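First the proteins, then the strands, lettered A, B, ... as listed; each starts at 1. Every value quoted in this text rests on a predicted model; they were computed, and no experiment measured them.
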Number of protein chains: 4
Amino acid sequence: MPKIVDHDRYRQEILTKCFDLFAQRGYGSLTMRQIAKEIGVSTGTLYHYFSSKEDLFVQLIEEITEQDILHATDLMENQSLDTMEEKILALGQFIFKNEDYFYKQTLLYMNFFQQLDLEQQQLVEAVKRSYKRYQEETMEFLGIYDLAIANHISCFIDGLIFQRAFDPESLDIQQQMDLLAKMLSAYLSSKHSDS
Amino acid sequence: MPKIVDHDRYRQEILTKCFDLFAQRGYGSLTMRQIAKEIGVSTGTLYHYFSSKEDLFVQLIEEITEQDILHATDLMENQSLDTMEEKILALGQFIFKNEDYFYKQTLLYMNFFQQLDLEQQQLVEAVKRSYKRYQEETMEFLGIYDLAIANHISCFIDGLIFQRAFDPESLDIQQQMDLLAKMLSAYLSSKHSDS
Amino acid sequence: MPKIVDHDRYRQEILTKCFDLFAQRGYGSLTMRQIAKEIGVSTGTLYHYFSSKEDLFVQLIEEITEQDILHATDLMENQSLDTMEEKILALGQFIFKNEDYFYKQTLLYMNFFQQLDLEQQQLVEAVKRSYKRYQEETMEFLGIYDLAIANHISCFIDGLIFQRAFDPESLDIQQQMDLLAKMLSAYLSSKHSDS
Amino acid sequence: MPKIVDHDRYRQEILTKCFDLFAQRGYGSLTMRQIAKEIGVSTGTLYHYFSSKEDLFVQLIEEITEQDILHATDLMENQSLDTMEEKILALGQFIFKNEDYFYKQTLLYMNFFQQLDLEQQQLVEAVKRSYKRYQEETMEFLGIYDLAIANHISCFIDGLIFQRAFDPESLDIQQQMDLLAKMLSAYLSSKHSDS
DNA sequence: TATGAATGAGACTTCATTCAT
DNA sequence: GATGAATGAAGTCTCATTCAT
């Protein structure tokens, strides 16, 4: 009888452990030996589960992309919030809580787009779809259906996460979300009074 | 004085040519041979001007950081614009024109922050200062002196640039800047009428 | 007695299946995994029957060497042929029929002699004995007892098999054996008339 | 100014030094590190001159093939021999002198034909042409133009070389060539008296 | 017995870097 | 200054082999 191992489960475990490593060092600078050492397996084992370093990275991106869709649906739904301002603040809190994850994810995605040779057009599409889906979920949560405004908010949130690279302490996410809420409210009500 | 001028000029030329390469492949994945080949010199020459790959990269970051300060001052000043909305649109156009450069710069900075081993604390500070300076210039140009709002706008702009990675065509920079202008106006006037 | 029979039978079965593989890829280029896959067992099973790759190879050589002696006796005896020429033609047909086997055997032997590290002096002797035995059987079959002529014929036959590597179609074995028969006859009768 | 090196000359030197190594250990069992160590260079240098282990091997085969054509023409011509028997004995001496080279070459060629993956169809053709050329030269030297007989002699010579693997001492090349000469003479004169 | 997951030494190959020219 | 041949450490990946099941 063979050694009993839940192949797929272990594969995912390895991927989970790789997430931080790739985010911290970057695809090109992270070596398979480093990965093996950090997650406590042999390089042979790594290659038992993944056919190459690229494959490992691509599967990691796939995993993230898939999980993100769950994230978006799960984490925002079970809240009873009335006004849009409250909702935006809640969104801010969500981002704040997952700031580290979002930042690392951002790094991984940039790495992914940087590697031209990967030529994973299919996965590129999946990532984009995931991004779009995220945006939609956010908009639905906020009750905003104007595409330009949706894009605006997305951009802002991406920028928020991205700034962590430069100076994690210089920015108060909560305050910024509060500001966004007020700007949006002012804009929407001004727009309303136009008509 | 020795003929440092030529040496230094050539050094800068090499750095300029490296900019795209590092942005496209990433620090870890780009090799000295690739650089040499693309630039059209020998690896020996590369090492004549830079003591190591890391040094080359660090000098590139320094160069960018320094030039950025010039960019910010140069490109936005010589315009006579009255309203804040006009100014924001002008800013949008500036970003739009330099979109590719900003995107690559963003990639380089992310790469830089990813490489822990570099331990270039001094340069990290310089980069941060440059970023702050950029922000200040922008705010002065727009005539906005509220730090929270300044940060808000910065975030949004970073997000704008960053989104290019995911889908260059999905976003209309001009439209987004127009929206920002309106939101800001609405917010500021609403705030004003409060008092 | 324990059930050694089955174990041994299976061992031989594996060896038989390995024959082609080693001949086609060569000792150094053939991997245990490839063997396992082609044979349809696990690598574990391979190691259950053979202590190492070298052991497997050595046992294969042993097997071949042993079987060859049988071959030689079996296949040539049950024929009632009168003249030497007829016999040589029959020998030609025998070679022709087993051409593929002989060629692969040749490859394996060369591989075996190439691997100095094996240090299987005992087996080397066995192989040589087998070769000698082969030669003797052939000579007896042909009714030739002059050692130089025996060697001559052996050489020629080896060359015949060996040439398959270069160009399987360029050589007509039957024709060549016919020629050998005639040359031998002419030589022997001329020698006879000398005395 | 670059380090002055005759690239092609050095490449050939390396190939020459590799000849024995590949013959002794076989393609699959010989490692690049072993090669580097034995010929006294670094692995890096090896890869400076050859793009891969396969490339190195293939170039070695090419080299041998090319040189062989020279061998054949050079080494047999400058002799004034009258009878065919004398010529055959001279051929025997030539083989005897170069026995070691011929044997190693044989091993290399067998290795080459064993590696299916190499898929060097073009080179396979070159090797075959070289072999044919060899045969032709020999026949011209001997003054024999009957194809069957030519093939016969080639086979015999190949067998002669090949037997070295089994037992270098059991065979007297000179004696064998003497025998061949006599058999041929007897055959040819008997054939002549037929008509 | 039989399996195949796990191992880590070592294979092939590439890299940043040096240095003779 | 400029070159690119040379280096050997280190990268990716494979291998024979082991061992829990």
Enquirer: By nearest heavy atom, map B/Gly28 and D/Met32 onto DNA chain E; which one lands nearer the 5' end?
Expert: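 Here D/Met32 is the residue nearer the 5' end.
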Enquirer: Nearest-Å distance, CZ (D/Phe50) to P (E/dC12)?
Expert: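 Taking atom P of E/dC12 as the reference, CZ of D/Phe50 is at 15 Å.
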Enquirer: Go through the structure and list residues passing side chain to side chain donor-acceptor pair (under 3.5 Å) with A/Ser29, not counting sequence neighbours.
Expert: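 Counting only residues at least two positions away or on another chain, A/Ser29 forms a side chain to side chain donor-acceptor pair (under 3.5 Å) with B/Gln115.
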Enquirer: Which whole-number value in Å describes the distance from B/Phe57 CZ to E/dA16 C1'?
Expert: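 Those two atoms, CZ and C1', are 16 Å apart.
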Enquirer: Over all strands shown, is B/Ile35 touching base, sugar-phosphate only, or nothing at heavy-atom distances under 4.0 angstrom?
Expert: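 No contact at all - B/Ile35 keeps every heavy atom at 4.0 Å or more from the nucleic acid.
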Enquirer: Nearest-Å distance, CG (D/Asp8) to C1' (F/dA5)?
Expert: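 Distance check: D/Asp8 CG to F/dA5 C1' gives 15 Å.
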Enquirer: Is it the case that F/dT12 (base atoms only) and A/Arg33 (side chain only) share a donor and an acceptor within less than 3.5 Å, ignoring hydrogens and angles?
Expert: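 Such a pair exists between side chain and base.
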Enquirer: Would you mind reading off the distance between C/Lys37 atom NZ and E/dA5 atom P, rounded to a whole angstrom?
Expert: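 Answer to the nearest Å: 14 Å.
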Enquirer: Excluding sequence neighbours, so at least two apart, what forms side chain to side chain donor-acceptor pair (under 3.5 Å) with A/Thr45?
Expert: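 Applying side chain to side chain donor-acceptor pair (under 3.5 Å) to A/Thr45 gives A/Ser42.
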Enquirer: Calculate the interatomic distance between B/Tyr27 atom OH and E/dC15 atom P; express it in whole Å.
Expert: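 Taking atom P of E/dC15 as the reference, OH of B/Tyr27 is at 14 Å.
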Enquirer: Atom CG of A/Asp6 to atom P of E/dG4: distance rounded to whole Å?
Expert: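 After rounding, the reported distance stands at 16 Å.
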Enquirer: Mind checking side chain to side chain donor-acceptor pair (under 3.5 Å) for A/Tyr101 and listing every partner two or more places apart, or none if nothing turns up?
Expert: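 Testing A/Tyr101 for side chain to side chain donor-acceptor pair (under 3.5 Å), a comparison that skips the adjacent residues, returns A/Asp68.
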Enquirer: Under 30°, 30 to 60°, or over 60°: which ring-plane class applies to A/Tyr27 and A/Phe22, parallel, tilted or perpendicular?
Expert: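 It falls in the parallel class, under 30°.
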Enquirer: Residues two or more places apart in sequence or in another chain: which of them pass salt bridge (charged side-chain N to carboxylate O under 4.0 Å, His left out) with C/Lys53?
Expert: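 Salt bridge (charged side-chain N to carboxylate O under 4.0 Å, His left out) list for C/Lys53, sorted by chain: empty.
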Enquirer: I need the NZ-P distance between C/Lys53 and E/dG10, as an integer number of Å.
Expert: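 In whole Å, E/dG10 P and C/Lys53 NZ are 15 Å from each other.
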Enquirer: What are the residues of residues 39-48 of chain B, sorted by number, that bring a heavy atom to within less than 4.0 Å of DNA chain F?
Expert: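 The answer is B/Ser42, B/Thr43, B/Gly44, B/Thr45, B/His48.
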Enquirer: With sequence neighbours left out, what residues match B/Glu13 under salt bridge (charged side-chain N to carboxylate O under 4.0 Å, His left out)?
Expert: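 Partners of B/Glu13 by the salt bridge (charged side-chain N to carboxylate O under 4.0 Å, His left out) criterion come out as none, since no residue qualifies.
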Enquirer: Hey, can you pull the donor-acceptor pairs under 3.5 Å for the side chains in residues 58-66 of chain D, sequence neighbours left out?
Expert:
{"from": "D/Gln59", "atom 1": "OE1", "to": "D/Arg11", "atom 2": "NE", "distance (Å)": "2.6"}
{"from": "D/Gln59", "atom 1": "OE1", "to": "D/Arg11", "atom 2": "NH2", "distance (Å)": "3.2"}
{"from": "D/Gln59", "atom 1": "NE2", "to": "D/Asp55", "atom 2": "OD1", "distance (Å)": "3.4"}
{"from": "D/Gln59", "atom 1": "NE2", "to": "D/Asp55", "atom 2": "OD2", "distance (Å)": "3.3"}
{"from": "D/Glu63", "atom 1": "OE2", "to": "D/Gln67", "atom 2": "NE2", "distance (Å)": "3.3"}
{"from": "D/Thr65", "atom 1": "OG1", "to": "D/Ile61", "atom 2": "O", "distance (Å)": "2.7"}
{"from": "D/Thr65", "atom 1": "OG1", "to": "D/Tyr109", "atom 2": "OH", "distance (Å)": "3.1"}

Enquirer: Does the distance from a Lys or Arg side-chain N to an Asp or Glu carboxylate O, for D/Glu38 and D/Arg33, drop under 4.0 Å?
Expert: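 No.
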Enquirer: Who pairs with B/Tyr49 by ring-ring contact (aromatic ring centres under 6.0 Å, His included), at least two apart in sequence or on another chain?
Expert: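 Partners of B/Tyr49 under the ring-ring contact (aromatic ring centres under 6.0 Å, His included) test: B/His7, B/Tyr10.
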Enquirer: Pick base, sugar-phosphate or nothing for C/Tyr49, based on heavy-atom distances below 4.0 Å to the nucleic acid.
Expert: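 If one applies the 4.0 Å heavy-atom cut-off, C/Tyr49 turns out to touch the sugar-phosphate alone, with no base involved.
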Enquirer: Checking all strands, does B/Leu30 fall into the base, sugar-phosphate, or nothing category for heavy-atom contacts under 4.0 angstrom?
Expert: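 Here B/Leu30 touches the backbone only, sparing every base.
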Enquirer: Could you state the CD-P distance from C/Gln115 to F/dA16, rounded to the nearest angstrom?
Expert: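 Atom-to-atom, C/Gln115 to F/dA16, this comes out as 13 Å.
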Enquirer: As a check on the pairing definition, encode DNA chain E in dot-bracket form, counting Watson-Crick and G-U wobble pairs whose two distances are under 3.5 Å, and using | for partners outside this strand.
Expert: .||||||||||||||||||||
